[in-house]
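Accompanying notes for the structure given below.
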Amino acid sequence: MRIRILDWYIFREVLMAAAFGICAFSAVFIGSGTLFKIAKLITDYGASVTSVIKIFVYGMPAIIMWTFPMSMLLATLLTFGKLSGSSEITAMKSCGISFGRIAAPAIILGFIFSICAILFNEHVVPWANSAYNNVVYYEIQGNTELKSQDHIIFKEIHQGILLRLVYAREYRSSDETMQGITMQAFDMEGNLTQVENADYAEWKDSAWIMHDGTIYDISDKEKTRTMRFSTQILPVSASPRQIVREQKKPEELTMKELKAQIAIMKTQYADTAKLETELYQRLSIPMASLVFALIGVPLGLQPTRNTSSAGFAISVVIIFIYYSVMTFANALARGNVVEPMYAVWIPNIIGVIFGAFLIYRASR
């Protein structure tokens with residue numbers, strides 16, 4: 001019973017400090033980035049009060065997601081620094097409670113924070129990012145001019161069944177053409193029946209006209225029929241504005257959508273390093289909460305960590321080092337120097353090794 005009371009006491013102290021950390025770091029991000037962006041939108045485009053409130057609210061989830069690991073580090077440093085400074089850790093050890101048992105509630109909370117961050121990053125952040133960009137582009141900037149984009153993907157779905165999947169290597173706004181076209185057609189059972197490739201397609205007379213292409217009819221599994229064409233209508237009714245508007249940035253996609261887009265792009269031999277880095281970071285960054293808990297608990301026991309200012313200062317230093325390593329690892333991943341699946345975990349691996357070393361020292 002006493003152990004359970006102790007667990008709840010440490011758990012509550014860390015949780016309260018983590019809540020403070022989320023608020024503190026969010027305020028830093030808002031003051032250093034969000035307010036500056038809002039001021040620029042008001043100055044450059046005369047953004048209305050309603051639009052400003054919208055982008056402030058929609059921008060919060062992306063900020064909060066980054067503060068989960070930071071707040072866990074600060075919380076463990078402050079909590080265990082406080083317990084150490086008031087000799088509570090010494091009293092616990094004198095009762096025969098091991099350091100590992102004392103640290104367990106904080107580490108478990110770090111794991112819970114990681115799981116919550118993953119779910120938050122999957123179900124809230126992409127939606128909020130999409131809403132944020134829509135408000136900026138269509139309400140504030142009044143953006144009516146289409147922009148050129150790479151890797152256009154358009155799906156035609158009827159009653160939940162995918163009928164057509166169109167991929168274009170590039171959309172050029174200057175002449176309203178899509179370059180490097182591939183269209184896949186499916187039957188009602190989801191089986192691939194036809195593939196069409198074309199050098200480019202142009203928007204003309206309210207229709208997409210493909211040029212210099214090939215049709216592969218694979219509805220008969222035993223025989224593939226091939227036909228060349230000089231022009232062919234792409235059976236997609238969406239206009240350039242509709243197609244471009246449906247395209248999402250990587251930060252607006254869920255992990256499921258990222259995986260689907262990566263699979264499509266790989267069939268066209270497109271470089272997917274950027275998207276793969278984004279995908280794997282959806283797991284590696286939230287898991288930093290657990291990594292920071294492993295580091296913060298033993299560091300909080302040091303004699304110089306028993307004040308809030310010292311705890312905040314050391315957390316800032318560690319966060320800076322972590323995100324510097326993360327930035328370097330991202331560069332390796334996006335440049336195809338290291339596989340993105342492995343590169344994004346480099347900061348966490350270093351953090352786990354460092355945390356394990358500190359815990360080993362503290363337990364002795």
Side-chain angles (χ1 to χ4, degrees), residues 14 17-33 62-82 84 99 103 106-107 109-111 113-114 116-118 121 251 274 277-278 280-335 337-363:
V14 176
F20 165 75
I22 291 175
C23 295
F25 286 115
S26 295
V28 172
F29 278 117
I30 291 170
S32 61
I63 292 174
I64 293 174
M65 187 275 297
W66 284 98
T67 65
F68 275 104
M70 301 177 183
S71 64
M72 182 50 56
L73 175 61
L74 179 62
T76 51
L77 283 169
L78 293 181
T79 300
F80 281 83
K82 175 185 174 183
S84 178
F99 172 76
I107 295 174
L109 184 60
F111 178 74
F113 256 56
S114 293
C116 291
I118 291 172
N121 205 19
E251 64 268 19
K274 181 179 179 180
T277 303
E278 177 72 23
Y280 298 125
Q281 276 190 325
R282 298 291 177 88
L283 297 175
S284 65
I285 293 177
M287 289 306 296
S289 296
L290 175 59
V291 175
F292 282 165
L294 294 173
I295 295 173
V297 170
L299 274 182
L301 300 179
Q302 302 301 315
T304 56
R305 308 292 180 245
N306 55 9
T307 65
S308 299
S309 58
F312 193 87
I314 194 63
S315 65
V316 169
V317 173
I318 294 174
I319 289 166
F320 174 77
I321 295 173
Y322 177 88
Y323 286 110
S324 296
V325 175
M326 187 189 73
T327 301
F328 177 71
N330 281 356
L332 295 178
R334 293 170 185 258
V337 178
V338 180
E339 282 290 325
M341 181 185 297
Y342 306 120
V344 297
W345 289 100
I346 291 176
N348 286 358
I349 292 172
I350 295 174
V352 167
I353 294 173
F354 183 54
F357 171 73
L358 291 176
I359 289 176
Y360 172 75
R361 283 186 54 188
S363 64

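These numbers come from the heavy atoms of this one structure, side chains and all, not from hydrogens, waters or symmetry mates.
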Study note, to complete from the structure: Sequence neighbours excluded, the answer for side chain to side chain contact (heavy atoms under 4.5 Å, CB included) partners of F111 is I115, L290
Check residues 316-325 and write down every donor-acceptor pair under 3.5 Å in which the side-chain atom is one partner and the other belongs to a residue at least two apart or another chain.
from: Y322; atom 1: OH; to: N348; atom 2: OD1; distance (Å): 2.5
from: S324; atom 1: OG; to: F320; atom 2: O; distance (Å): 2.7

Study note, to complete from the structure: With sequence neighbours left out, the residues meeting side-chain hydrogen bond (donor to acceptor under 3.5 Å, both in side chains) with Y360 are R364
Exercise for review: Would you indicate whether the side-chain heavy atoms of W345 and L283 approach each other to under 4.5 Å?
Suggested key: yes
Exercise for review: Please check if the side chain of S71 supplies one atom and the backbone of F68 the other of a donor-acceptor pair under 3.5 Å.
Suggested key: yes
Review point. If you draw a 6.0 Å radius around CD in E251, do more than 12 non-hydrogen atoms from other residues or ligands fall strictly inside?
Key: yes
Review point. How close do I107 and I359 get, heavy atom to heavy atom, and via which atoms?
Key: CD1-CD1, 4.4 Å
Review point. Quick one: does V291's side chain get under 4.5 Å of F354's, heavy atoms only?
Key: no
Review point. How many angstroms lie between atom CG of L73 and atom CD1 of I295, to the nearest 0.5 angstrom?
Key: 7.0 Å
Point to revise | Smallest separation among heavy atoms of F29 and M70, with atom names | key: CZ-CE, 3.5 Å
Review point. With a 4.5 Å limit on heavy-atom distance, are the side chains of T76 and F292 in contact?
Key: no
Review point. What heavy-atom pair brings R334 and K274 nearest, and what distance separates the two atoms?
Key: NH1-CG, 3.1 Å
Practice item. List the steps and the verdict of side chain to side chain contact (heavy atoms under 4.5 Å, CB included) for L109 and M72. Key: CA-CA 9 Å; L109 184 60; M72 182 50 56; 3.9 Å; yes
Point to revise | Distance-minimising heavy-atom pair for A75 and A18 | key: CB-N, 3.4 Å
Review point. S26 side chain to C23 main-chain N or O, any donor-acceptor pair under 3.5 Å?
Key: no
Point to revise | Donor-acceptor contact present, side-chain S289 to main-chain G110, <3.5 Å | key: no
